[in-house]
Amino acid sequence: MCENEYNQNELMVVNAARLLRDHDVVFVGVGIPNLACNLAMRTHAPNIQLIYEAGVIGSQPSRLPLSIGDPSLVSGASSVCSMYDVFSLYLQRGNVDVGFLGGAQIDRFGNINATVIGDYQHPKVRLPGSGGSMEIAAWVNRYFVITPHQKRRFPARVDFHTSIGFLTGGDARQRTGVRGGGPKAVVTNLGLLEPDQDGELVCQALHPGVTFDQVQENTGWPIRQADNCAITLPPNAEELRILREVLDPKCIYI
Amino acid sequence: MCENEYNQNELMVVNAARLLRDHDVVFVGVGIPNLACNLAMRTHAPNIQLIYEAGVIGSQPSRLPLSIGDPSLVSGASSVCSMYDVFSLYLQRGNVDVGFLGGAQIDRFGNINATVIGDYQHPKVRLPGSGGSMEIAAWVNRYFVITPHQKRRFPARVDFHTSIGFLTGGDARQRTGVRGGGPKAVVTNLGLLEPDQDGELVCQALHPGVTFDQVQENTGWPIRQADNCAITLPPNAEELRILREVLDPKCIYI
Amino acid sequence: MTKLMTLSEAIQLHVHDGDLLYASGFTHLIPFAAAHEIIRQGIKDITLARATPDLIYDQLVAAGCARKLIFSYMGNPGVGSLRRLRAAIESGELEWEEYSHFSMISRLKAGASGLPFMPMKQTGAVDLEAQNPAFKRVMDPYTGEEVVVVPPLKPDVVVVHAQRADSTGNAHIWGILGEQRLAAFASRRVILTAEEIVDEEVIRSDPNRTLIPGLVVDAVCHVPYCTHPSYTQGYYDRDNELYLAWDQISKTQEGVQSYLEEWVYDLPDRAAYWEKLGPEVHRRLSAGTFLSQPVNYGDYSNQDNHDV
Amino acid sequence: MTKLMTLSEAIQLHVHDGDLLYASGFTHLIPFAAAHEIIRQGIKDITLARATPDLIYDQLVAAGCARKLIFSYMGNPGVGSLRRLRAAIESGELEWEEYSHFSMISRLKAGASGLPFMPMKQTGAVDLEAQNPAFKRVMDPYTGEEVVVVPPLKPDVVVVHAQRADSTGNAHIWGILGEQRLAAFASRRVILTAEEIVDEEVIRSDPNRTLIPGLVVDAVCHVPYCTHPSYTQGYYDRDNELYLAWDQISKTQEGVQSYLEEWVYDLPDRAAYWEKLGPEVHRRLSAGTFLSQPVNYGDYSNQDNHDV
């Protein structure tokens, strides 16, 4: 048991889980996205299929995986393939519905920076870099971002385009010829942002007790509130029970 | 036991085997080339490594394989890979020393036709086509052809270039940029043809009892006899014993 | 969710007149039972793609199911010619599109990988390139030299045979691998046939052996002996006698017709076919036992190493 | 012919100052013992290539062995930053060349396949392409659209770890496969380390599991526990504690230096390293048993089916 009320990580996991549909094929890493997928599988979307970027499909881990290469992801999985194969046969081929991405910055048009703060050649802060996120952002049908809502994480424009969102908005993404539909939601500890028709992120929902002013204060551009901006349903008892008792009993990620 | 004296197939197998060097990596099919490789392994070249084009490496077949996909090639082999892998990782990558090719026609400059007699679009005789021979001819370090010596099989110019020899001779092959060195010998039932400096096949050796006139009569162009044209050593008792008792006791190919 | 159905149902559901079909398997695991069911169902105008057409496409062409052939080696392996195909091409009845093995498989590689083309090194043999406009050239931007490229092959439907699969289509394959995996990923629809349908625990005991994931499979059919007269590694041997006999049978269209009457039209399914072959053939083709040594994947359910 | 030698001999023979080294293994089978031997031998000016540099390259860089880094994800997986690499890049001490995972692995694919480039679909994220001139574009001749291409990566030397291998270098690998096979085929020289050296009959009992053929291997080294603190599927677990501790150790160059003194310079080899870790760590990292179910390859020595 972690605590009585839900915390911000639980709030984000639950809201991310609710975005998944039954039968989605999801490209996933460890941590919060992994918890969200496994929560969705145990609630409304039992037929989700998980592909871990290390090339493992249909894992049944006997413990909570702590890294993308955790051996418990492999023992009892349904298939394992090479890194080239997982990126080509699954991702580039168009066999993946959903991806999860993170990064140090996400901007007004959903572009993500996981590479560098400052100048690329003379970095102020050197971040880990793309990994597979350049490809995931371009080739999955839709992707989600889960991130704490802080002004430095939400600049008007990212310092470096590691992963494509809607670029400068409008049909800019489409014109590049990439296959996927881009970011469909950003789940934060304050609420949900979603792109409008122009690809600009707007505040689509607030978590219970959060005000739109809080969202604006923590966002680096004048963010708009959707006309139909909703209040999210709080995590329910069953969701919290699964998270705390089944998925992450030692509170490593929640 | 097949017969007392050696026959023409045995003659060709033995002469082909002698062309192989120890430690050669050989891309091989079934039939006569397979016998030649296995004979070489049991005589002067114990460290030959065989790659079957079906993607089987290091076979230890418990019987004589009758097709390129014989299951006895796989049981007890050291490695098996996909068709794409065997053509890319081994052949195109340059990991193969020797190939064996056959065809309906081989011409003055060692080009091979296994595709069609007559016009391609309106074939007089439709042959099986390239299979892997287009790639083998281009990418192995050197290749050998084993074929009965008949005029129709040795035209001045092939009807169709299935596999590249020296094209029109000179540096024509080299100018295409293909990596391999091309045909190094044609083993027939009459003798051995080898390319001269210009890539033209000349008679380099006659089998015991064969005259150069016989070679010319069975060749579709005015073939030259090399100045140092030799007489091949007849198959020796040990070679024949291995062929008849160990490799092909039922005389399927010999 | 189970995808189990009869082969007859799977063919009816997934193979249509005019489809581009790839029945996969390089000399091994050739799904003859699926071809026979297609013949029985009288499906027409199929474009048949296979690196090595083998007897399976000789039969489909002779039965009048095909409009066009895409191939790279049109021989009866170890025997000689594929007579019905050859006659149909020489007479101009059958369209064809021809490759070498590597260019053919590179098309599947592009299709399976979602790439618009695959490059290959030049082979210097340009006559085929000149006859087939699908071959194109691209300049290598690093050296300025030309490479040959081929476009993706994306079949409408692929049939893949496996030794064992679970009911959702996760399949273990061993022995010669051919182009099975690429064909399955390249295709719009996949019919998987298997010698054995096993509990998913069998598949999950060795995930590295799962070359066809259920994710790409549309139908799973339990069809023992599906691949005779080709073979299934570890299950039964190649029937070389039939490959040799075919050289005689296929000398005339009538010969093939009467073979098809006896072995396809007059039989309901593969079980009847295998039974008709009789115990002597069963014995002759039986595969002995040569087991792989197991590997340990490890049981990591111990949580000790997670208290960090 | 046996290629067995000690890891020390293999590194001395095959890793030289200025080489391009690829120590392979995506999160799994990372050959730390080889890196430690390189550090002990004081090899310099290495260009280090790896999709995920991990602790292994943080250590090599901190030890002063490297001139340049080629990579696609420079994090401590599941923990955070690779502090020594990050500091070396931020300070300008280390050259670097950066990719995404797929473009990095596509370079190995081209190198392993003998291709002058590999294409990939566009990703729309052009900032990296703009910074790295190795990325180029080629027009797809079928659609007129552009694809991104990358050139082959051909390391001078690759280190691959396997669960079991025979003395000529035929190796069985299972679990996460990463880029091992491509790296081995792409490289000029290959050092294979293995948990177990087994009789070739073990390898030959399951040829489909042989992902590294002896044909491409130059040296075979028996190095149990080679990959700690990463892991070997079925042999021992990942030491997450050390990955977490590294975040502290690597905060300063001095911290790393004293780690290297204790765990690398002051020890002769991997056996001593493993012994020094002690029984409590051995116990904590032990992998339980979860065996693959065997498959039958078939014994075809029966000649009955060959009397034709």
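The basis for the numbers below is simple: all heavy atoms, side chains too, and nothing from hydrogens, waters or symmetry mates. Nothing here was measured: the structure is a model prediction, and the numbers come from that model. First the proteins, then the strands, lettered A, B, ... as listed; each starts at 1.
- Q49(A) touches chain C through its side chain: at least one heavy atom from C-beta onward sits under 4.5 Å away, while N, CA, C and O do not.
- Side-chain N/O atoms of H122(A) and D119(A) include a donor and acceptor closer than 3.5 Å.
- Proximity to chain A (any heavy atom under 4.5 Å) is restricted, for N170(C), to the side chain, taken from C-beta onward.
- With hydrogens and angles left out, the side-chain atoms of D70(A) and Y52(A) include no donor and acceptor closer than 3.5 Å.
- Residue contact with chain C, scored on non-hydrogen atoms closer than 4.5 Å, involves the side chain of I51(A) exclusively.
- Using modelled atom types and a 3.5 Å distance limit, the side chains of E239(A) and Y6(A) yield no donor-acceptor pair.
- Proximity to chain A (any heavy atom under 4.5 Å) is shown, for R209(C), by neither the backbone nor the side chain.
- Ranking P61(A), S78(A), S88(A) against chain C, the residue ahead of the rest is S78(A), based on heavy-atom pairs under 4.5 Å.
- When R181(C), E201(C), E200(C) are compared by the number of non-hydrogen pairs under 4.5 Å with chain A, R181(C) comes out ahead.
- For the residue pair S301(C) and S62(A), no side-chain donor N or O sits within less than 3.5 Å of a side-chain acceptor on the partner.
- For the residue pair Y236(C)/T227(C), the side-chain donor-acceptor check at 3.5 Å is satisfied.
- Under the 3.5 Å distance criterion, with hydrogens and angles disregarded, no donor-acceptor pair is assigned to the side chains of H161(C) and Q180(C).
- Both the backbone and the side chain of L89(A) come within contact range of chain C, each with at least one heavy atom under 4.5 Å from a heavy atom of that chain.
- Of the atoms belonging to V74(A), heavy atoms from both backbone and side chain fall under 4.5 Å from chain C.
- Ranked by heavy-atom pairs under 4.5 Å with chain A, the first of L211(C), L215(C), I203(C), L182(C) is L215(C).
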